[in-house]
Student: 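If you scroll down you'll find the structure; I have some questions about it.
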Amino acid sequence: MQEKTSIHGAWASRWIFILAATGSAVGLGNIWKFPYITGENGGGAFVLVYLFCILLVGVPIMMAEVLIGRRGRQSPINSMKDVAIESGHSGSWSLLGWMGVLAGFMIFSFYSVVAGWVLYYIAGMGVGDFIAIGGDDAGKVFNDLLADEQTLLIWHTIFVVMVMLVIAGGVKKGLENAVRFLMPALFVLLLLLLGYSTQTGAFAQGWDFMFHFDPEQLSWDAVLVALGHSFFTLSLGMGAIMAYGSYLPKKTSIGSSVLMIAFMDTLVALIAGLAIFPIVFANGMDPGAGPGLMFVTLPVAFGQMPGGQIFGFVFFLLVGIAAWTSAISLMEPATAWLVEKFGWNRVPSCAVLGFIVWALGVAALGSFNFLSDVKLAGFNIFDFLDFVTANVMLPLGGLFIALFAGWFMKRHATESELAMKSPTLFNAWYIVLRFVAPVAVAAIFILNLIEKLK
Ligand code: PFF
């Protein structure tokens, strides 16, 4: 089993893997979601809990995902099966891979809708639609967009096609080429934007909002949101990182690569917050505006500032790129599985998957117009997909991945796959993975439930 390679190909180098996994991690979660949930949950205290979750839960579980992937060298469904069998357990562990594929479909369907909004705003910023726009008008532009199912459909469709074209190219020609070019672009755009926001005059206020610690602001709900978000933002609990791990060259150190990925992901989220909140405060706007923060508050702010049109364009371009490289990883596990299972080429596999997620996305975008009456557990379809994946399926998937790598896989298998130089470091990882991460995830789940039942 040790010498296996993947039939799908391999990353050219450790750096390409880091870029690809960072591309998966850095997405709408960092730039759209993180700032607005931080705004809704009171700022600093939430950020602190989130950072703890990344370090104590996210990083160890990400290492587990990568090592399972590299050991199995296949799609998460088949890797879970083979690695379980190798350690003398049931092949039904593949169910975890299946749950991941389902979560991938569900995330993709709302992700693509938001990415569609982003594409619409790139175009709008590009032609100067938002110059000197007021708050009411910006709100109207966004609400009109949500109500206009045809426009939503067009942009959603374009995004699905963009993603599927890359995946159809395969690991080397598709994924690798895309991240090689897009990730450096993303970092340059982000730095440009940060430079711009330090010039707004409200940088200190934005900084204070994000890092001022006030425990009173924290609720169990907020802790669950922070935990769920740490999974979402690191693309954990659904096999995306496992799939990327299966293309990882044998000699690459998993521990240091994962630390790098988690560090870059966190950095982008913090920079996005530090770029957005000063702009919000400089224009006297509300940081707790929710999902519309990026689409209503920011265009107004950009519209009123010198150079705002160009920087608004840069901003949405950045978000679009981030969404693109993330969405690719949402569909890679299912694509790899179709290729393995039926021996299909990537092109028909992508056509089938593309159609499925496109149709699901139509249901998600309908939440804002023709399906607005449909409620699932009190949520509209869009919010339901977001809530169930981020706050239930991903943490649950992560919990089982931790339990699997910590308690079911043979210790020598994890040890040889991680190949850490220091036994102390390995033991630290092993203890956190076996005890700390699962207990933290389970406790947050249970405490939240108790709170809800009160
Ligand atoms: N990590 C992505 C983000 O923060 O936007 C979202 C995501 C991508 C989640 C891929 C899960 C995944 F498998």
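Sequence positions, counted from 1, serve as the residue numbers for this chain. The basis for the numbers below is simple: all heavy atoms, side chains too, and nothing from hydrogens, waters or symmetry mates. Whatever order the structure lists ligands and atoms in, that order sets their numbers, starting from 1.
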Student: Looking only at atom types and distance, does a side-chain atom of Thr233 sit under 3.5 Å from a main-chain N or O of His229, one as donor and one as acceptor?
Tutor: no

Student: Would you confirm whether Ser326, through its side chain, and Val26, through its main-chain N or O, come within 3.5 Å as a donor-acceptor pair?
Tutor: yes

Student: Between the side chains of Glu65 and Arg70, is the shortest nitrogen-to-carboxylate-oxygen separation below 4.0 Å, so that they form an ion pair?
Tutor: no

Student: For ligand 1, which atoms sit closer than 4.0 Å to a heavy atom of Ala240?
Tutor: 13 (F)

Student: Check each atom of ligand 1 against the heavy atoms of Leu28 and keep those under 4.0 Å away; list them by number with element.
Tutor: 5 (O)

Student: Nearest heavy atom to atom 9 (C) of ligand 1 wins, so pick from Phe34, Phe231, Phe108, Phe232.
Tutor: Phe232

Student: What protein heavy atom sits nearest atom 13 (F) of ligand 1, and how far away is it?
Tutor: Met238 SD, 2.8 Å

Student: Could you check if a side-chain atom of Phe34 sits within less than 4.5 angstrom of a side-chain atom of Val268, using non-hydrogen atoms only?
Tutor: no

Student: To the nearest 0.1 Å, how far is atom 4 (O) of ligand 1 from its closest protein heavy atom, and which atom is that?
Tutor: Ala25 O, 3.0 Å

Student: Give the residue, atom name and distance (to 0.1 Å) of the protein heavy atom nearest atom 11 (C) of ligand 1.
Tutor: Ser235 CA, 3.5 Å

Student: Side chains of Met393 and Met99: does their closest heavy-atom pair fall under 4.5 Å?
Tutor: yes

Student: With heavy-atom distances below 4.0 Å as the criterion, list the atoms of ligand 1 near Asn30.
Tutor: 4 (O)

Student: Would one find an N or O of Leu394, backbone or side chain, under 3.5 Å from an N or O of ligand 1?
Tutor: no

Student: Any idea which atoms of ligand 1 are less than 4.0 Å away from a heavy-atom of Ser329?
Tutor: 10 (C)

Student: Closer than 4.0 angstrom, basic N to acidic O: yes or no for Lys250 and Glu417?
Tutor: yes

Student: Please list, in number order, the atoms of ligand 1 under 4.0 Å from a heavy atom of Tyr111.
Tutor: 2 (C), 3 (C), 5 (O), 6 (C)

Student: Any atoms of ligand 1 less than 4.0 Å from a non-hydrogen atom of Ser24? List them with their elements.
Tutor: 1 (N), 2 (C), 8 (C), 10 (C)

Student: Could you identify the single nearest non-hydrogen protein atom to atom 12 (C) of ligand 1 and state the distance to 0.1 Å?
Tutor: Leu330 CD2, 3.3 Å

Student: Examine distances only and state if a side-chain atom of Asp265 and a backbone atom of Ile261 form a donor-acceptor pair shorter than 3.5 Å.
Tutor: no

Student: With a 3.5 Å distance limit and no angle check, can you tell me whether Ser367 reaches the backbone of Phe382 through a side-chain donor-acceptor pair?
Tutor: yes

Student: Going by an N to O cut-off under 4.0 Å, is there a salt bridge joining Lys4 and Asp82?
Tutor: yes

Student: What I want to know is whether Gly29 and ligand 1 share at least one N or O pair that is separated by under 3.5 angstrom.
Tutor: yes

